[in-house]
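Input: a single structure, listed below in structure tokens.
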Amino acid sequence: MSDMNQNTVMKEYYPCGALMAEKCVKDGKLDGVSKYYKKDGRLWAKQYCVNGREQSIEYCLPQRPPKQLFM
């Protein structure tokens, strides 16, 4: 007997062959932690979902500081 409650990791790739995403899926819906990558392989974001609904997203790369205005 197979466990239907088991999460499956689906992988998506950029056209160049680099890993784009690892998505945790349960019963055809996002469920658990999915990871998204830039083309250079750096982890870009982690998305947390429960039963297909996004709970939160964590951006893993530093954001550029805002441009300062000089007077």
Side-chain angles (χ1 to χ4, degrees):
M1 183 166 100
S2 65
D3 184 5
M4 295 302 292
N5 293 326
Q6 182 95 10
N7 283 14
T8 303
V9 177
M10 295 178 53
K11 294 185 178 186
E12 295 181 3
Y13 296 88
Y14 287 104
C16 65
L19 181 63
M20 178 172 34
E22 295 176 309
K23 297 180 178 181
C24 289
V25 178
K26 178 178 170 184
D27 298 328
K29 299 178 183 177
L30 289 176
D31 193 84
V33 180
S34 297
K35 298 176 183 176
Y36 299 88
Y37 300 89
K38 294 191 70 74
K39 285 183 183 178
D40 63 8
R42 293 182 295 159
L43 181 62
W44 176 65
K46 292 180 187 177
Q47 180 183 33
Y48 302 89
C49 293
V50 175
N51 199 25
R53 293 182 179 226
E54 182 179 313
Q55 301 298 305
S56 67
I57 190 162
E58 174 186 350
Y59 295 99
C60 301
L61 292 178
Q63 302 296 316
R64 291 185 180 178
K67 291 182 180 179
Q68 294 181 350
L69 298 175
F70 296 98
M71 299 183 135

**Report entry** Side-chain touch Asp31/Cys49, heavy atoms, less than 4.5 angstrom
**Finding:** no
- Task: Determine whether Tyr13 and Tyr37 fall in the same hydrophobic cluster, where Ile, Leu, Val, Met, Phe, Trp and Tyr are linked whenever their side-chain heavy atoms lie under 4.5 Å apart.
- Result: yes
Exactly one candidate in Gln55, Lys35, Glu54 meets side chain to side chain donor-acceptor pair (under 3.5 Å) with Gln47; the answer is Glu54
- Message: Membership question, hydrophobic clusters at under 4.5 Å side-chain separation (ILVMFWY): are Tyr36 and Tyr59 in the same one?
- Response: yes
Taken in chain and number order and not counting sequence neighbours, the residues that satisfy salt bridge (charged side-chain N to carboxylate O under 4.0 Å, His left out) with Lys23 are Glu12
Applying side chain to side chain donor-acceptor pair (under 3.5 Å) to Tyr48 and not counting sequence neighbours gives Glu58
Quiz prompt | Cluster overlap Met10 with Leu30, hydrophobic side-chain contacts below 4.5 Å | solution = yes
Of all heavy-atom pairs linking Cys24 and Ser34, the shortest is N-OG, 3.2 Å
Residues pairing under salt bridge (Lys or Arg N to Asp or Glu O under 4.0 Å) where one sits in residues 39-53, two or more places apart or in two chains, turn out to be Asp40-Arg42
OH of Tyr14 to CG of Leu19, rounded to nearest 0.5 Å, is 8.5 Å
- Are side-chain heavy atoms of Asn7 and Val25 found at a separation under 4.5 Å? no
Taking every heavy atom of Ala45 against every heavy atom of Cys60, the minimum-distance pair comes out as CA-SG, 4.1 Å
